[in-house]
Protein chains: 2
Amino acid sequence: MATISDVAALAGVSTATVSRVLNGKSTVDTELVSRVREAARALDYRPNTVARNLRRRDSSVLSLVISDVENPFFTAVARGVEDTARAAGYSVLLGNSDEDPDKERAYLELAGQAQTAGVVLSPTGPGTALPEGTPPVVAVDRPLPGGRHDAVLVDTRSAARLATQHLLDQGYQRVACLTGPPGVHTAEDRLAGYREALAGRPELVRRSEFKAAGARQASELLFGERDRPDAVLVANSAMAIGLLGTLAQQGLRIGKDIGVVSFDDVPWASLVHPALTVVRQPAHEIGRRAAGLLLDRIGSVRGEAHTVVLAAELVVRGSSTREV
Amino acid sequence: MATISDVAALAGVSTATVSRVLNGKSTVDTELVSRVREAARALDYRPNTVARNLRRRDSSVLSLVISDVENPFFTAVARGVEDTARAAGYSVLLGNSDEDPDKERAYLELAGQAQTAGVVLSPTGPGTALPEGTPPVVAVDRPLPGGRHDAVLVDTRSAARLATQHLLDQGYQRVACLTGPPGVHTAEDRLAGYREALAGRPELVRRSEFKAAGARQASELLFGERDRPDAVLVANSAMAIGLLGTLAQQGLRIGKDIGVVSFDDVPWASLVHPALTVVRQPAHEIGRRAAGLLLDRIGSVRGEAHTVVLAAELVVRGSSTREV
DNA sequence: GCCGCCCCAGAAATCGATTACCATCGGTTG
DNA sequence: CAACCGATGGTAATCGATTTCTGGGGCGGC
């Protein structure tokens, strides 16, 4: 790879001039400008971003650290982040923390040490701490403890309340909630909304990881018991897969014997029969807003932390409507 | 952030000694070792990886450039890459080319300029060229033109042939193939396998992007025509969503009126009714093998290009079996 | 005609690490 | 006893860019 010195030598100027021409920072004689451009083209010169970042002490790369790349919600968020970042001339480097605080920490360290300009982060849990030297952070989906950082969240509690209320309105009597691990903010929030809607009725709560396998196990236990629910609110799409597997195995007719509402409007939600009622979260917009906040923050470090809360939408389909 | 000079000053030694202690490259007096370690701890020192990479002219980061983060196949590949990379002490930076050659090129440039140690790439198409300065590359899913690079592929052609044969064996007469855009290797390969199985029977081929919307349109046209197929081989899971949507709309009973086999064993394949027959590709293993090859290549640049071809498996479920 | 100012471009410092090279010291060998 | 050797640690070069500093030349004002 050609370096800036090679270009300077070929053009017969100093490296300072080459840099000035290529960055357009200062006026340079047009004759020299064309000599430099010519030389750069001839050598197929590309600036070494490592050297540039070292000197400039920043870079035009955003880190995106998400808790599960295999979750369609987060990949949609990732798309949103990428779209606005690219529009602003930034690239996005994606790390998958896999809900593991150690991996998360490793990626955050990398984000700081590699001098990325900022981080969009979906924190694994309440224990998430930012290593020293971490650039500006915007939390998505879940807030960071301390509340000193920008965040883009969804009013998932209201959504859970409305979804539960909807099941009750449809005549389901005994609504269960299958939510995520204790301490995970979204899991607790959805549970809280569920409880609000129950308004004193007896609750029926099970927890598992935000994965299909865990939800499968949890729901098998739930439906193996005497006092079965006749409806379930399930906290994400992967868990819905586990739940629906169990229901099929048990021979329960969804929408009749059992009502189901899931979080996240995945593409296949309309393909199962009956189609799945879901809480649709504006995943793409979450990503776009988060990237927007982050770019603002990078532009000027000052200012209060902003928290944006977006609304979720209940999309009613067959899985929750009693076919009378 | 503390720098190596701060540590050196606090420990009363030179930066060279600090570096030697922290990298264990050379023997250093135990007294100095402990002073340095103490100082590093006291200052919460973390080496600046940008500076380190500049000097060492490499890094322990792998780039992963995939063509669609929202495609479960590629996210599973990504998990595989990440798993082996992390085990070897590497981090993974993920870029989403979104099947767009320009974005792909931008990420490849970044991979080279940021001095990542290597790239795992699913090329967007036959036009993919590697910019000068690109580190070692392993292609996944689709080969790179020229054949001078390592690759991990799937024998998707045989799989397509077997899948088509399976549909014919089940008594379907008029099997269509809904595949990806012209020139995309996997699209062509699957089409070729389909044609092999047809063995001269009249073919019925439609193409669209590897996305649900395109497949939906294409299949609406396909089923709007006079001479409809009675079975379809569809080239990926996103396209299957579009196809299944059309079939439901048309009131066709899957597995009876119409047989369906899709590529990619997504989690929801068993949840639709009837369950979807699929070609299961070993996505996670593809990622692991690709990262393995890449790490080998990074270790020693010499050697022939290796191409690993993995087998895919036909998983027969209800969507392709005539319920007699 | 002289002084000061501005503009431009080169020289050199800088970012923060690694590492080639050299100096010192204690001990061993011929 | 001189020459040598290995271990150790400091000095300074280096990676490849950006940016500050500096100096020379041209031009306007007095």
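None of these values were measured; they are calculated from a predicted model. Below, chain A is the first sequence line, B the second, and so on; all start at residue 1.
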How is Asn53(A) classified with respect to the nucleic acid when contacts are heavy atoms under 4.0 Å: base, sugar-phosphate, or nothing? nothing
Any donor-acceptor pair under 3.5 Å from Arg20(B) side chain to Lys25(B) backbone: no
The helix from dG1(C)-dC30(D) to dG30(C)-dC1(D): angle between its terminal axes, five pairs each, to 10°? 60°
How many angstroms lie between atom CD of Glu109(A) and atom CD of Glu104(A), to the nearest 0.5 angstrom? 11.5 Å
On DNA chain C, more 5' by nearest nucleotide between Arg55(A) and Asn23(B) is Arg55(A)
How many Å lie between CG on Leu54(B) and C1' on dA13(D), as a whole number? 13 Å
For Thr17(A), which contact category applies under a 4.0 Å heavy-atom criterion: base, sugar-phosphate, or nothing? sugar-phosphate
Could you check whether Val50(A) gets within reach of a base, just the sugar-phosphate, or nothing at all, counting any heavy atom under 4.0 Å? nothing
5'-most by nearest nucleotide on DNA chain C - Ala16(B) or Ala51(B): Ala51(B)
Counting distance only, does the side-chain N/O of Asn23(B) pair as donor-acceptor with the main-chain N or O of Ser19(B) below 3.5 Å? yes
Could you go through Ser59(A) and Thr116(A), starting from their C-alpha distance and side-chain angles, then the distance that decides it, and tell me whether this counts as side chain to side chain donor-acceptor pair (under 3.5 Å)? CA-CA 6 Å; Ser59(A) 72; Thr116(A) 60; 5.8 Å; no
What is the distance, to the nearest angstrom, from the NZ atom on Lys25(A) to the P atom on dT19(D)? 6 Å
Could you pick out which residue, Arg20(A) or Thr27(B), lies toward the 5' side of DNA chain D when each is mapped onto its nearest nucleotide? Thr27(B)
Heavy-atom closest pair (Glu82(A) atom, Asn96(B) atom, distance to 0.1 Å) is OE2-O, 2.9 Å
Below 3.5 Å, does any donor atom in the side chain of Arg52(A) face an acceptor in the base of dT18(D), or the other way round? no
Shortest non-hydrogen pair, Ala117(A) vs Pro136(A), comes out as O-CD, 3.5 Å
Could you check Glu285(B) against Arg79(B) for salt bridge (charged side-chain N to carboxylate O under 4.0 Å, His left out), going step by step and ending with a plain yes or no? CA-CA 9 Å; Glu285(B) 188 183 355; Arg79(B) 286 293 309 264; over 6 Å; no
What do the steps show when you test Ile286(A) against Asp141(A) for side chain to side chain contact (heavy atoms under 4.5 Å, CB included), and what is the final call? CA-CA 8 Å; Ile286(A) 293 171; Asp141(A) 187 49; 5.7 Å; no
Would you check, one step at a time, whether the test side chain to side chain contact (heavy atoms under 4.5 Å, CB included) holds for Asp58(B) with Asn53(B)? CA-CA 5 Å; Asp58(B) 90 300; Asn53(B) 293 346; 5.8 Å; no
Kindly determine whether Leu64(B) and Leu93(B) satisfy side chain to side chain contact (heavy atoms under 4.5 Å, CB included), including the steps that lead there. CA-CA 6 Å; Leu64(B) 173 59; Leu93(B) 298 170; over 6 Å; no
NA contact type, Thr3(B), heavy-atom cut-off 4.0 Å: base, sugar-phosphate, or nothing? sugar-phosphate
Polar atoms only, N or O, under 3.5 Å: list the protein pairs with nucleotides 23-28 of chain D and their distances.
none

Taking any heavy-atom pair under 4.0 Å as a contact, classify Asp29(A): base, sugar-phosphate, or nothing. sugar-phosphate
Quick one: label Val18(A) by what it contacts on the DNA or RNA (base, sugar-phosphate, nothing), any heavy atom closer than 4.0 Å. nothing
How long is the straight-line distance from OH of Tyr107(B) back to OG of Ser63(B), given to the nearest 0.5 Å? 10.5 Å
Do you know the tightest heavy-atom contact between Thr84(A) and Gly287(A)? OG1-O, 4.4 Å
Outermost contacting nts on DNA chain C, any atom under 4.0 Å from chain A heavy atoms, listed 5' then 3', are dC8(C) to dG16(C)
